[in-house]
Amino acid sequence: MAPTPERKKDYLSMDLSRLLTSAGINIGICALFLSLYSVFRKQPGNVYVYFGRRLSQEDGKLQNINALERFVPSASWIVKAWQITEDELLSFAGIDAVVFLRVLVFSIRIFSIATVVCIFGVLPVNYFGEVKKHMAIRPEALFVFTIANVKDESQWLWVHCVALYIITLSACILLYFEYKSISGMRLAHISNSPPNPSHFSVLVRSVPRSSNESLDDAIKNFFTNYHGLSYLSHQTVHRAGKVHKFMSTAEKVYKKFVRLKVTQFDHKCRANKYRCGLCGGTSNSFQLYHDDFEPDANKGGQDRSERNAEKKECSAAFVFFKTRYAAVVASQVLQSSNPMLWVTDPAPEPHDVYWPNLWIPYRQLWIRRITILVASTFLMILLVPPITLLQGLTQLEELKEKLPFVNIIIKRNILVRLVSGYLPSVLLQLLIYTVPPIMMLFSAVEGPISRSGRKKSACCKVLYFTIWTVFFVNVISGTVLNKLDVISTPKDIPSLLAKAVPEQSTFFMTHVLTSGWASLSSEIMQTFALVYNFVRKNILRLQEDPESVPSFPYHTEVPRVLVFGLLGFTCSILAPLILPFLLVYFFLGYVVYRNQIMNVYCSKYESGGQMWPIVHNTAIFSLILTQIIALGVFGMKRYPGASGFTIPLVIATILFNEYCRQRFYPMFNNISAQDLIEMDRDDEQSGRMEEIHQLLLTAYCQSAPAATSPDVGDDDGSIISKVSITDRSHEISITAHPTWDSRA
C-alpha cells in the first residue's frame with residue numbers, strides 16, 4: 001500500500017497545518033461558548049433557558065449574587081454536574097437519561113483503552129514504517145501516522161493485529177456487563193416504580209364494525225366473552241372533528257392572550273400605557289373590559305357537548321384488565337383467526353400516547369412503512385452529490401488542476417487551509433442538521449402509537465443516514481476524487497476501505513472537532529433558546545411559561561455519539577491520531593449532558609431504556625466493520641498471518657452478539673410472567689388493586705379539557721389533559737431581580 005510517485009503530492013496535502021487550523025478554530029469556539037455559558041447562566045433573565053427543568057419540577061431557590069460575580073466566568077457547574085449520583089438522575093430524569101449517560105461512560109472506557117494501546121503501540125509503528133521519508137514536523141504529512149506508511153510484508157503488522165484483539169475483547173466485555181447492568185436496572189425501575197396504567201392496558205385496533213351493535217358494545221361483548229375473568233373496562237378512541245380542533249386552537253389562543261394581558265396591561269378598567277418592544281414608543285389605544293373576555297361558565301357545558309358530538313369513533317380502544325399478567329397475555333395472543341382484525345398491542349404510558357396516529361386504519365400501516373422506506377432511501381441517495389462536492393473541497397490540488405479558476409480565487413495559504421481543513425466539516429454539519437426534523441416527520445407518518453416509539457424510529461433513521469453520509473459517502477467520494485480503484489465485486493470492498501479510510505483520516509478528525517467539540521459548546525450554550533428568550537421577553541413581551549420545558553433530543557444526540565464511536569473503532573489501528581480528539585469529546589460530553597439533563601431538559605415520557613439495544617448493535621457493527629477493513633489492510637500488505645488470525649475474531653464477535661441477543665434482548669421487549677405475577681400479588685396483598693382499577697378509568701384522557709383548565713403542549717403539538725399532569729404552579733416563587741443560584 002505504498003504511495004506511488006503521482007500520489008505523493010496527495011498525501012502531502014494532508015498536512016498538520018490544516019488540522020491545526022481546524023483545531024484552533026473549534027477550540028476557540030468551544031472555549032468562548034463555555035465561558036459565555038458560565039456568565040449567562042447567572043443572569044436573571046436567562047433562568048428559564050438554563051434551569052427550565054428545575055423551575056418546572058423542583059422548589060426554586062433564589063439568592064442574590066454579587067453584581068461583579070455574575071459577570072465572572074467560573075467552572076462551578078462542572079463540579080455540580082460531576083457530583084450528582086446516578087440514583088438522583090434516575091429519580092427525576094428517568095431511565096432513558098441514565099442509559100444515554102451509560103453510553104458515554106462505555107465510550108470513555110473503551111476508547112481510553114484504545115488510546116493507550118494505539119498511541120503507544122500502533123502509532124510508533126506507523127510513523128517509523130519507512131515508506132515515506134520524514135521531514136520537519138511542521139509540514140509533516142498525516143500520512144506518516146497511518147498504517148499506509150507501513151511497508152509491505154512488514155513483521156510489525158502483528159502489532160496492529162494484537163491491538164485489534166485487545167480492542168475487540170475489551171469492547172465485548174464492557175458491552176456484556178453494560179447490557180447486564182442496564183437490563184437489571186430496567187427491571188428494578190419497573191418493579192419499584194408506582195403502578196403504571198400501561199401495564200394493565202392493551203391497545204386494540206382494527207375492531208370490526210357491525211350495524212347491529214355500537215363500537216362500545218362490540219368491544220365489551222368480545223372481551224367479556226373471551227377474557228371474562230380478567231376484563232375490567234375499556235375506553236374508545238375518538239377522532240376529533242374539525243369543529244373540535246378549531247375550538248381547541250381557539251382555547252389555546254385565548255390562554256396565550258390572557259397571559260399576555262396579565263403581563264402587559266393593567267387589570268383596572270382603564271387604558272394602560274406600555275412600551276413597544278420594537279421601537280420603544282408607548283401606546284394607550286387599548287382598553288380592557290374583563291367581562292368581554294371571560295368565558296361564560298354556563299356556555300362551557302354546551303360547548304363541550306357540541307364538541308363531543310363532533311367526535312368520530314375510531315376502530316381502536318384502550319382495554320383495561322384486572323391484572324398485569326392478563327394484560328400481557330391479551331397483548332401477545334392472536335385474538336382472531338383473521339390477523340388483520342382485533343389486533344392488540346401493549347399500551348404505551350398515558351403521557352406517551354401519540355393520539356393522532358391511533359385513528360390510522362391498521363391495514364394502512366404496512367403501506368406507510370414501505371413508502372417511508374422508499375422516501376428515506378431516496379433522501380440518502382439525493383444527498384450524495386452535495387457531499388461529494390464537499391469532499392472535493394478537501395482535495396484542492398485536484399480541483400486546481402481540473403478547474404483553473406479555483407487557483408485564482410484561492411491564492412493565500414491561509415485560505416487554502418481554511419477551505420480544505422475547516423469549511424467541509426462545517427458545511428457537512430449544516431447539512432446533517434436538516435435531517436432529524438425530516439426523519440421525525442417520516443417516523444410520525446409511519447404510524448407509531450407512542451411518542452417514544454416515534455423518537456426511537458427517528459433515532460434509527462438518523463443513525464443510518466449519518467453513518468451513510470459521514471463514513472461511507474465520504475470514503476467513496478474521496479476514492480473517486482483520488483482516482484482509486486472502484487468497486488467491481490463485493491470482495492473488493494475491504495481493500496477499497498483499507499485504501500480510503502487512511503486517506504480520509506484528516507477529514508474525520510476535523511469532523512470530530514466541528515460536529516463534536518463545537519456542537520457540545522453550542523448545546524451547553526443553548527443558542528437558539530437564548531435568542532428565542534431574548535425575542536420573547538424584549539420584543540414580544542411575553543411572560544415565561546414554566547411548563548414549556550423541552551425534552552431531551554435523543555434522536556439527534558444518540559446517533560452523533562454512536563457515529564463518533566464508529567469512527568473511533570474503524571480508525572483505531574489505521575489512523576490512531578483521531579483517538580485523543582474522540583476521548584476529549586466523550587469526557588466533555590459526559591459533563592455537558594449531565595448538566596443539561598439536571599437543569600434544562602424535562603423527561604415527559606420515556607421508552608424504558610429501549611435505546612440500549614440500538615447502541616449495542618451499532619457497537620457490534622462498528623467492530624465487525626473494523627475487522628473487515630483490517631482484513632483488507634493485511635491482505636494488501638501481503639501479511640497472511642495477520643489475516644488468518646483476524647477471521648476467527650470476526651466469527652467470535654458475531655457469536656457474542658447472538659448470545660447477547662438471546663440472553664438480554666427479550667428483557668427489553670417484554671416483562672417476564674414471574675415478575676408480573678409477583679407485582680400483582682404484592683398489590684393484592686397490600687389492598688392497592690382496587691385503587692389501581694379506579695385510576696385506570698381516568699388514566700387515558702384524549703379530549704382537551706375545558707377552557708379554564710391549563711393545557712400543556714408537548715413537543716409534537718398535541719395536548720395532554722389536566723388529568724395526566726401535576727400542577728406545580730405553587731412550588732416556585734420568582735422575584736423581580738434575584739438571580740437563580742446555580743450553586744444551591
Side-chain angles (χ1 to χ4, degrees), residues 10-33 111 115 123 138-146 148 386-399 410 413-433 466-467 469-479 481-482 500-523 559-561 563-572 574-586 588-589:
D10 297 332
Y11 288 133
L12 291 175
S13 65
M14 298 190 302
D15 53 45
L16 286 175
S17 60
R18 299 184 184 182
L19 178 62
L20 293 176
T21 301
S22 178
I25 295 174
N26 286 286
I27 291 174
I29 293 175
C30 189
L32 176 63
F33 277 22
F111 288 110
T115 300
L123 190 63
R138 181 64 181 174
E140 186 76 271
L142 292 181
F143 160 73
V144 300
F145 298 103
T146 67
I387 297 175
T388 304
L389 180 62
L390 294 180
Q391 188 58 232
L393 295 177
T394 63
Q395 306 291 337
L396 284 181
E397 287 74 16
E398 295 284 346
L399 291 180
I410 305 176
N413 192 27
I414 185 63
L415 292 179
V416 173
R417 296 177 183 177
L418 185 63
V419 171
S420 62
Y422 179 70
L423 189 60
S425 58
V426 173
L427 295 178
L428 178 62
Q429 182 64 19
L430 294 177
L431 187 65
I432 293 177
Y433 274 143
T466 310
I467 291 176
T469 54
V470 173
F471 187 79
F472 289 103
V473 175
N474 277 290
V475 167
I476 295 173
S477 60
T479 300
L481 291 172
N482 291 329
V501 172
E503 292 273 334
Q504 302 299 321
S505 59
T506 304
F507 176 79
F508 290 151
M509 281 185 275
T510 56
H511 181 72
V512 171
L513 292 170
T514 303
S515 181
W517 296 14
S519 66
L520 284 178
S521 61
S522 178
E523 166 66 29
R560 178 180 287 115
V561 173
V563 168
F564 285 147
L566 183 141
L567 295 179
F569 281 121
T570 54
C571 296
S572 57
L574 304 181
L577 205 60
I578 195 177
L579 294 177
F581 297 98
L582 280 173
L583 201 56
V584 172
Y585 164 77
F586 288 125
L588 182 61

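For the numbers below, each heavy atom of this structure counts, side chains included, while hydrogens, waters and symmetry mates do not. Numbers for residues simply follow the sequence, beginning at 1. Note that the structure is a prediction, hence the values are computed from the model and not measured.
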- Task: Classify the angle between the aromatic ring planes of Phe111 and Phe586 as parallel (below 30°), tilted (30 to 60°) or perpendicular (above 60°).
- Result: parallel
- Task: Quick one: sort the Phe581 and Trp517 rings into parallel, tilted or perpendicular, breaks at 30° and 60°.
- Result: tilted
Under 3.5 Å, is there a donor-acceptor pair between the side chain of [X] and the main chain of [Y]?
| X | Y | value |
| --- | --- | --- |
| Ser515 | Val512 | no |
| Thr514 | Thr510 | yes |
| Asn474 | Gln504 | no |

- Kindly indicate, with the supporting measurements, whether the criterion side-chain contact (heavy atoms from CB on, under 4.5 Å) is fulfilled by Val501 and Cys571. CA-CA 7 Å; Val501 172; Cys571 296; 4.1 Å; yes
- For the student: nearest non-hydrogen atoms of Pro576 and Leu123, plus distance: CG-CD1, 3.8 Å
State, yes or no, whether a side-chain contact exists between [X] and [Y] at a heavy-atom distance under 4.5 Å.
| X | Y | answer |
| --- | --- | --- |
| Ser521 | Ile29 | yes |
| Val470 | Val563 | yes |
| Pro580 | Tyr585 | no |

So, taking the atom named [atom1] in [X] and the one named [atom2] in [Y], what distance separates them when rounded to the nearest 0.5 Å?
| X | Y | atom1 | atom2 | value |
| --- | --- | --- | --- | --- |
| Thr506 | Ile578 | OG1 | CD1 | 9.5 Å |
| Leu574 | Phe569 | CG | CZ | 13.5 Å |
| Phe564 | Thr466 | CZ | OG1 | 10.0 Å |
| Leu513 | Asn26 | CG | CG | 5.0 Å |
| Leu567 | His511 | CG | NE2 | 6.5 Å |
| Leu588 | Cys30 | CG | SG | 5.5 Å |

- Before giving the answer on side-chain contact (heavy atoms from CB on, under 4.5 Å), spell out for Phe508 and Val475 the whole-Å C-alpha distance, their side-chain angles and the decisive distance to 0.1 Å. CA-CA 10 Å; Phe508 290 151; Val475 167; 4.0 Å; yes
